[in-house]
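Position 1 is the first residue of the sequence, and the numbers go up from there. Each ligand, and each atom within it, is numbered from 1 in the order the structure gives.
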Amino acid sequence: MAEVTPPAGARKTYHGVVERVTTHNADTRSLFLCLPAASEFRFLPGQFISVAIPTDEQRRTRAYSLALSPKDGQPLEICLNLIPQGIGSQYLFSLEVGAEVSFTGPFGLFTLEHPPSHETVFIAEGTAIAPIRAMIRHALGHSRPPLLTLLYVASDQAHLLYRAEFERFTREHTSLVFEPRIHPSGQVSALLDEIEQRYVKSDSSRERHFYICGVGNDVLRVRDLLRAAGYARRAVQYERW
Ligand SMILES: Cc1cc2nc3c(=O)[nH]c(=O)nc-3n(C[C@H](O)[C@H](O)[C@H](O)COP(=O)(O)OP(=O)(O)OC[C@H]3O[C@@H](n4cnc5c(N)ncnc54)[C@H](O)[C@@H]3O)c2cc1C
């Protein structure tokens, strides 16, 4: 498929083809996108793409995080859940193998560019595991990473994505601790008390780094709890969907 050459200053548009679709549960899927062989697409763990949603006359886009690490190569994976009446997710759920997906990117500053040098705690809910999965895969690809803890909450077992993969990683890498949590809300706010107990009240270390991802203002509540407790702003990275 030919690539569009953008005018100077404009973002390049990529045209991926859906190579595979996997179903995680009744409302969550991954799409695997292949780019033409000549495409140079570089990104950092945690970044997202802006996908064109060509459903009507309007030009709409939706952001989707890349769920694999750059070192995993192609196809690129995006993982998303179906939102009732959601234009973007409904469109992407309608796509079958062979469909074209146009996007720009990569974008975003919620990244793990270098392997972590400090103990790092990743906090995620549901599909917001996508950018954090990319970061963890990236971090584990380096020798001797520091302690990495993944606190991951979902509304039920079926929505705890990539569980087998994270469990395998904990067997292969002693530096990773995987702590899944089930809570009816499925939101990171359900972890607030635990986070406060473990990372605010139980010791005075403020050296840890945090990466938090989820939907809505709950993400900001976790961020604010940690920053107010004395963790540096740059040590508490977050992305709110
Ligand atoms: C930087 C960034 C990265 C993102 N990466 C992903 C991703 O990897 N996977 C993914 O599924 N979504 C991701 N999103 C959300 C995605 O862009 C869309 O907002 C989502 O798919 C809903 O779009 P929609 O058109 O179907 O529904 P809309 O009608 O646009 O959204 C309806 C409501 O759903 C809320 N919402 C957004 N995302 C979710 C979600 N995942 N679960 C529940 N409610 C949600 C929105 O806040 C909004 O209030 C990301 C958003 C941002 C800003």
Quiz item: What residue among Arg133, Arg29, Arg137 forms salt bridge (Lys or Arg N to Asp or Glu O under 4.0 Å) with Glu77?
Solution: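 Testing each of Arg133, Arg29, Arg137 against Glu77, the sole residue satisfying salt bridge (Lys or Arg N to Asp or Glu O under 4.0 Å) is Arg133.
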Quiz prompt | Sole residue of Tyr199, Phe110, Tyr238 in ring-ring contact (aromatic ring centres under 6.0 Å, His included) with Phe210 | solution = Tyr199
Practice problem: List the steps, then state whether salt bridge (Lys or Arg N to Asp or Glu O under 4.0 Å) holds for Asp218 with Arg221. | Solution: CA-CA 5 Å; Asp218 286 345; Arg221 292 175 65 198; 3.6 Å; yes
Practice problem: Determine the interplanar angle of the Phe43 and Phe41 rings, folded into 0 to 90°, and report it as parallel if under 30°, tilted if 30 to 60°, perpendicular if over 60°. | Solution: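 If you compare the ring of Phe43 with that of Phe41, the planes turn out tilted.
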Quiz item: Where does the angle between the aromatic ring planes of His118 and His209 fall among parallel (under 30°), tilted (30 to 60°) and perpendicular (over 60°)?
Solution: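 Parallel, since the angle between the ring planes stays under 30°.
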Self-check item: Path from Leu80 to Ile87 over hydrophobic side-chain contacts below 4.5 Å
Solution: yes
Quiz item: Taking any residue with a non-hydrogen atom under 4.0 angstrom from an atom of ligand 1, which ones do you get?
Solution: Phe48, Arg62, Ala63, Tyr64, Ser65, Cys79, Leu80, Asn81, Ile83, Gly86, Ile87, Gly88, Ser89, Thr127, Ala130, Val215, Glu239, Trp241
